[in-house]
Amino acid sequence: MKFLSWRHVFKLDPNKPLTDEALRALIHSGTDAFLIGGTDGVDAENTFAIYARVRDAGIPVALEISHPSQVIHGFDHYFVPTVLNAGTPEWIIGHQARAFERYGHFFDPRHVTAQGYLVLNADAKVAEVTESKCELSLEEAVAYAETGHHLFHLPSLYIEYSGRLGDLDVVKEIRLALPKAHLFYGGGIDGEDSARLMGAHADTIVVGNIIYEDLAGALATVRALR
Ligand SMILES: CC(C)=CCC/C(C)=C/CC/C(C)=C/CC/C(C)=C/CC/C(C)=C/CC/C(C)=C/CC/C(C)=C/COP(=O)(O)OP(=O)(O)O
Ligand SMILES: O=P(O)(O)OC[C@@H](O)CO
Ligand SMILES: [Mg+2]
């Protein structure tokens, strides 16, 4: 699977404005891929608009599906989230099953990967929407990750602290418990130091918000992993 070699990913939010100049800088940054995704105000139109601006850049473009209307042809890869610590089964398997009713006939396992999320920042929109249980002990967090990997055989796990830098011990302990799992880490990476910190334990780091707040900081996160 292509994403296994990605060390660094920029996450582009369809609902946030980005100048052509900023986008050019991201394209030439040396990142391994673009991931298009977000929870708020994301629809087919703005998803396609950002996709159309990066599809010919020569960098893989993946879609992280957060709404069924976002399922659009053409991406190099599709990630279907399942939130392991969601408060209701809807976000673990419900929305996905309904989307399969609609799009199952298009499904190609070579281009679609299930991604098991552990949503750990209670203040993030994604935690609110999925009613995630974020107040987990270290042991509980590891247990959710182990369940996703060993029991559900998910091809990748995503430690999601969207909006703030996560607890390093949680990332370290999940890494120690699951040396063979492919771990994405996202949340609060804003420069070289935080990129190196989380990149030492996660296979792929995802850099989102800082793109829109401090482009130079965002670009520095790529250099940190080289
Ligand atoms: C036509 C075609 C090419 C078809 C391909 C076939 C295909 C892909 C079939 C699969 C269909 C399918 C099963 C789709 C999934 C449908 C769906 C809606 C599933 C639910 C996904 C889910 C659990 C969403 C919950 C939210 C979540 C985890 C979103 C991921 C993105 C994320 C964490 C954003 C963070 O958001 P941000 O905006 O940064 O938020 P903050 O405010 O918290 O910072
Ligand atoms: O926006 P930030 O905090 O960088 O997080 C990245 C990503 O994990 C969000 O889904
Ligand atoms: Mg965000």
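No experiment lies behind these values; they were computed from the predicted model shown. Side chains included, hydrogens not; waters and symmetry mates left out as well; all remaining heavy atoms used. In listed order, ligands and their atoms are each counted from 1.
- Contact annotation: Y158 has at least one heavy atom less than 4.0 Å from an atom of ligand 2.
- A salt bridge between K125 and D40 is present, with a side-chain N of the basic residue lying under 4.0 Å from a carboxylate O of the acidic one.
- In the vicinity of G38, heavy-atom distances shorter than 4.0 Å reach the ligand 1 atoms 34 (C), 36 (O), 38 (O).
- Taking NE2 of H8 as the start and OG of S29 as the end, the distance is 6.5 Å to the nearest 0.5 Å.
- Proximity of Y158 to L183: side-chain heavy atoms (C-beta onward) are nowhere separated by under 4.5 Å.
- Ligand 2 has no N or O atom lying under 3.5 Å from any N or O atom of V206, backbone or side chain.
- If you number the atoms of ligand 1 from 1 as listed, the ones under 4.0 Å from a heavy atom of P81 come out as 21 (C), 22 (C), 23 (C), 28 (C), 30 (C).
- One distance of note links NE2 of H77 with CZ of R110; it measures 11.5 Å at 0.5 Å rounding.
- Listed by number with element, the atoms of ligand 2 under 4.0 Å from a non-hydrogen atom of G188 are 2 (P), 3 (O), 4 (O).
- Taking 4.5 Å as the limit, some side-chain heavy atom of L26 sits within range of a side-chain heavy atom of I211.
- Heavy-atom proximity to F100, at under 4.0 Å, picks out these atoms of ligand 1: 13 (C).
- Between W91 and ligand 1, no N or O atom pair is found at a separation short of 3.5 Å.
- Only the side chain of V80 comes within 4.0 Å of ligand 1, counting heavy atoms alone; its backbone N, CA, C and O stay farther away.
- At a 3.5 angstrom cut-off on N or O pairs, I210 does not count as close to ligand 2.
- Checking only distances, T130 never comes within under 3.5 Å of ligand 1, N or O to N or O.
- Remark: ligand 2 and K11 share an N or O pair separated by less than 3.5 Å (distance only, no angle test).
- Considering both main-chain and side-chain atoms, S162 comes within under 3.5 Å of ligand 1 through a nitrogen or oxygen pair.
- The shell of residues lying under 4.0 angstrom from ligand 1, judged by heavy atoms, excludes R98.
- Residue contacts with ligand 1, taken as heavy atom pairs separated by less than 4.0 Å, do not involve H111 at all.
- The shortest N or O to N or O distance between V126 and ligand 1 is below 3.5 Å.
- Heavy-atom separations between G37 and ligand 1 are all 4.0 Å or longer.
- For ligand 2, the atoms lying closer than 4.0 Å to a non-hydrogen atom of N209 are 1 (O), 2 (P), 3 (O), 4 (O).
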